[in-house]
Amino acid sequence: MRASKLYAPTLREVPAEAELISHQYMLRAGLMRRSSSGMYTYLPLGLRVLQKIETIIREEMNAADAQELLLPIVQPAELWHETGRWADYGDEMFRLKDRHGREFCLGPTHEEIITALVRLDVSSYRQLPLRLYQIQNKYRDEIRPRFGVIRAREFIMKDCYSFDKDDQQANLSYQAMYNAYDRIFKRCGLDAKPVEADSGAIGGDSTHEFMVLGEAGEALIVYCPQCDYAANVERAECKEVEKVEEELLQLEEIATPEVKTIEQLSEFLKVEESKIIKTIIYLADQKPVAVLIRGDHQANEVKIKKYLNCTQLELADPVTIEEVTKAPVGFAGPIGLDIPIYVDYAVASMVNGVAGANKVDTHIANVNIDRDYQAAAIVDLRQAEAGDQCLRCGGNLETARGTEVGQVFKLGTKYSEPLKATFLDENGKEKPFIMGCYGIGVSRTMAAIIEQHHDQDGICWPLSVAPYQVIIVPVNYKDEEQRKVAEQLYQSLRDLGFEVVLDDRLERPGVKFKDADLIGFPLRITVGPRQLQEGKVEVTIRSTKEQIPVSLSEVEDWVSKFIRG
RNA sequence: CGGGGCGUGGCGCAGUUUGGCUAGCGCGCCUGCCUUGGGAGCAGGAGGCCGGAGGUUCGAAUCCUCUCGCCCCGACCA
């Protein structure tokens, strides 16, 4: 490709819309442009990167015995009614009607439609295991799209679904995908860490997320530096805490005018936040419940939701709180509450804690479980944090941020049962498929790669996903000798099957170097008067900025060795 | 949905508070000269319904009302 004809409009300045490095570089390097909030056009260079990533995914999926197909983007509402997700998905689903008034959605995911397909055509255990995947656009009307392609409303995803006859076989599918993901991300040059995760609305009992660690990440994870335990904080379990043996003191009301937050209370009473009981009133499927968390801990709504087995969980509004506690917001406490009280382990082990008195401007000291209030249950309800003990080895957990690039789920029969997708087993017995689903955010992976491979000058693409492998830059394209050498090299490298751009623009060298760095070609071959005198050109490795003079007769070999090893 | 901010040429911005005459600047773009190892220089030029609608006024980018779009924080979601 000749740079003079390449549609890669680079920008010198950072567009105001971009905050993340990856987002900025994707715009500046001319990989993509925004069309509307959360929707992007991929320009030729961006598309080439996507295709490289997709090729890696296809190779590994095929190697794991998955077969590619292509499902429709527009899906009928009926299928979603069968699983109940037409209602559950809520505003995040893009919905539309055809001219007859029939309802459809733009697929946010494809479990329903693939299960409906397989139930038609697969009826015997002999046809299993079956693993099917596609690379497709997905649509989710995110409440707030952000970070460019990382949280977009239209995005590209590889999704794979496995159908097995029993748990044992399903575990093999899960493991095969898990291993394939490891290889895929490695080949993309990504350092992706598998972490235990919560299964969320998709459902299922076991799941791992593949996280690319970095400041830009939206998810918080905890990991153990001593063993290989790693989990999303939403999922990470916290240990039961042993009760301190201490004398129970008498309840004592304390006037705390205008003291409403844990921080203020700790300051006011000169008491550590860990001695304070935080009483949070939630509405779980519209019914009020109280959750007790230690003052210095964070409530984990995913855990709460899961334990209560409710579909909706939200903080109660001030009116409800006053109704339930008979006090304004800020003075809720467990004593005398007549709604179910769910107590976190850490609170259950507290002795003589401080809590709200359910009375305006008042708190109570020396609150103790069982003696002063009854728990509906004592469970793990808080968010894990740095310094917590590792459940596996007892080490001290650390936290990190991560971007989720892939997730693997064991679904069980969550979809096959309601959709009546069954087969006959060896004994002629009808059984629902044991399913799994496995996603990779392809467009997001591109951004994640940039997050991990860039410097102040631009992107440093790993060879495996670079839009082109080499750029040839004649310092002065008008110079006859430089042009001749550059053109010859361009020809011979392309003949050898390399992906090459020739920068034939009549720009000054600085402009061409800046663009080459920004776009991030792994190799740059500079054809300039200095080296040419000695019959050489200069090869620059983008990632290290290393400059190597190579004689003209050896360039092809050098490049070949670098790229093909 | 709540809070905050922004919409002025392709990109980045000034001008808006205190209305005023041809709406500016930098970058990019076009033409010519010149230059060619890290975003050169000189000269000339193209390009703007000031997001949109309505209103106030002799006069609106500027004031008022409504509306649309975009970004950030949060709630949300995986």
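In the text below, chain A, chain B and the rest are named by the order of the sequence lines, each starting its count at 1.
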[atom1] atoms of [N] and [M], separation to the nearest Å:
N     : M     : atom1 : result
B/U57 : B/G7  : C1'   : 25 Å
B/G24 : B/C50 : P     : 14 Å
B/G5  : B/C13 : C1'   : 16 Å
B/U65 : B/G26 : C1'   : 36 Å
B/U16 : B/C63 : C1'   : 10 Å
B/G15 : B/A60 : C1'   : 14 Å
B/A78 : B/G3  : P     : 26 Å
B/U56 : B/G69 : P     : 27 Å

Between [X] and [Y], do the side chains contain an N or O donor and an N or O acceptor separated by less than 3.5 Å?
X        : Y        : result
A/Glu385 : A/Thr399 : no
A/His297 : A/Glu273 : no
A/Gln452 : A/Asp191 : no
A/Ser173 : A/Arg131 : yes

Any Lys/Arg nitrogen of A/Lys278 or A/Asp296 sitting under 4.0 Å from an Asp/Glu carboxylate oxygen of the other?
-> no
Do A/Glu218 and A/Arg401 sit within salt-bridge range, that is, some charged N less than 4.0 Å from a carboxylate O?
-> no
Watson-Crick or G-U wobble partner of [N], both distances under 3.5 Å:
N     : value
B/U22 : none
B/U62 : none
B/C70 : B/G5
B/U56 : none
B/G44 : B/C30
B/U17 : none

Nearest whole Å is fine: how far is [N] [atom2] from [X] [atom1]?
X        : N     : atom1 : atom2 : value
A/His23  : B/C11 : NE2   : P     : 14 Å
A/Lys305 : B/A75 : NZ    : C1'   : 13 Å
A/Ile150 : B/A78 : CD1   : P     : 19 Å
A/Ile143 : B/C77 : CD1   : P     : 8 Å
A/Glu142 : B/A75 : CD    : C1'   : 14 Å
A/Glu111 : B/A78 : CD    : C1'   : 11 Å
A/Asp479 : B/C34 : CG    : C1'   : 17 Å
A/Gln24  : B/C11 : CD    : C1'   : 14 Å

Could you identify which residues of residues 285-304 of chain A place a heavy atom less than 4.0 Å from some atom of RNA chain B, listed by residue number, or say none?
-> A/Glu301
Aromatic contact, A/Tyr438 with A/Tyr181 (centres under 6.0 Å) = no
A/Trp80 ring center near A/Tyr89 ring center (under 6.0 Å) = yes
Please produce a list of atom pairs where a protein N or O lies less than 3.5 Å from an N or O of nucleotides 67-71 of chain B.
| residue | atom | partner | partner atom | Å |
| --- | --- | --- | --- | --- |
| B/C70 | OP1 | A/Ser37 | N | 2.9 |
| B/C71 | OP2 | A/Ser37 | OG | 3.0 |

For nucleotides 36-43 of chain B, just jot down a letter per nucleotide in 5' to 3' order: B, S or -, based on protein non-hydrogen atoms under 4.0 Å.
-> BBBBB---
Step by step, would you call A/Gln407 with A/Thr207 a side-chain hydrogen bond (donor to acceptor under 3.5 Å, both in side chains)?
-> CA-CA 7 Å; A/Gln407 186 161 18; A/Thr207 172; 3.0 Å; yes
From A/Thr115 atom OG1 to A/Phe433 atom CZ, the distance as rounded to the nearest 0.5 Å | 9.0 Å
State the CD1-CZ distance between A/Ile519 and A/Arg28, to the nearest 0.5 angstrom.
-> 11.0 Å
Applying side-chain contact (heavy atoms from CB on, under 4.5 Å) between A/Leu502 and each of A/Ile472, A/Ile525, A/Val527, report the one that passes.
-> A/Ile472
Between the base of B/C77 and the side chain of A/Arg140, is there a donor-acceptor distance below 3.5 Å?
-> no
Does the B/A78 base have a donor-acceptor partner in the side chain of A/Glu218 within less than 3.5 Å?
-> no
For A/Val473, which contact category applies under a 4.0 Å heavy-atom criterion: base, sugar-phosphate, or nothing?
-> nothing
Whichever of A/Gly148 and A/Glu13 has its nearest RNA chain B nucleotide further upstream toward 5' | A/Glu13
From the list A/Arg95, A/Arg153, A/Arg151, salt bridge (Lys or Arg N to Asp or Glu O under 4.0 Å) partner of A/Asp141 resolves to A/Arg153
Could you tell me whether a side-chain N or O of A/Glu111 sits under 3.5 Å from a main-chain N or O of A/Tyr415, the two making a donor and an acceptor?
-> no
